[in-house]
Amino acid sequence: MGLHTATDIARNAQRSFDGLLPADTEVDSTALESLRALPAMLEDVLGYQGPTFWAKAARLLDSHKDAELAELFRSTRDRIVNEKVEDTAGDESISANGAIDLLLKRYAA
């Protein structure tokens, strides 16, 4: 039996009032793709990569492996965006969809 504190109950009531989806609800893939597509998101993601990432990117670029280079960028962006969504959802005590919406607002500003 799960015990709920007054804070948990108030938070759940607020989520219901705000129309936020429960945490186990399917992620809005359209909103997630919109978040991934923001130029600011790509800039943020690529700006914090270490030497190993850039060494691999340089090898792919010099080898004219454009599709593999694009996939490296895409997979790195997607992984980090997913982490940002999970971290934001946890930090803000909101659903993944609520976190996506919040991040869209932050990055669009």
To the nearest 0.5 Å, tell me how far [X] [atom1] sits from [Y] [atom2].
X      : Y      : atom1 : atom2 : result
Ile100 : Leu32  : CD1   : CG    : 4.5 Å
Lys56  : Lys65  : NZ    : NZ    : 10.5 Å
His64  : Leu69  : NE2   : CG    : 12.0 Å
Thr76  : Tyr48  : OG1   : OH    : 16.0 Å
Ser34  : Leu103 : OG    : CG    : 12.5 Å

_Applying side-chain hydrogen bond (donor to acceptor under 3.5 Å, both in side chains), can you list everything that pairs with Arg74, at least two apart in sequence or on another chain?_
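side-chain hydrogen bond (donor to acceptor under 3.5 Å, both in side chains) list for Arg74, sorted by chain: Glu71.
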task = Side-chain contact test, heavy atoms from C-beta onward, threshold under 4.5 Å: evaluate it for Arg77 versus Arg36 and give yes or no.
result =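 They are in side-chain contact.
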| Are Gln49 and Ile80 close enough, and set up right, to give a side-chain contact (heavy atoms from CB on, under 4.5 Å), and what steps lead you there? | CA-CA 11 Å; Gln49 298 308 308; Ile80 292 175; 3.2 Å; yes
Check: Got a sec, which residues hit ring pair (Phe, Tyr, Trp, His ring centres under 6.0 Å) with Phe53, two or more places apart in sequence or on another chain?
Finding: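 If we apply the ring pair (Phe, Tyr, Trp, His ring centres under 6.0 Å) test to Phe53, skipping adjacent residues, the hits are Phe73.
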Might you point out which heavy atoms bring Ala96 and Val27 nearest each other, and give the distance in Å?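 Closest heavy-atom pair between Ala96 and Val27: CB-CG2, 4.0 Å.
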Test your reading of the model: is there a side-chain donor-acceptor pair from Asn97 to the backbone of Asp28, 3.5 Å cut-off?
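Answer holds: yes.
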- Query: Given Asp101 and Ile94, is the side-chain contact (heavy atoms from CB on, under 4.5 Å) satisfied, shown in steps?
  - Reply: CA-CA 10 Å; Asp101 290 341; Ile94 56 178; over 6 Å; no
Show me, pair by pair, the donor-acceptor contacts under 3.5 angstrom made by side chains of residues 84-91, not counting sequence neighbours?
unit_1, atom_1, unit_2, atom_2, d
Lys84, NZ, Asp44, OD2, 2.9
Lys84, NZ, Tyr107, OH, 3.2
Thr88, OG1, Lys84, O, 2.8

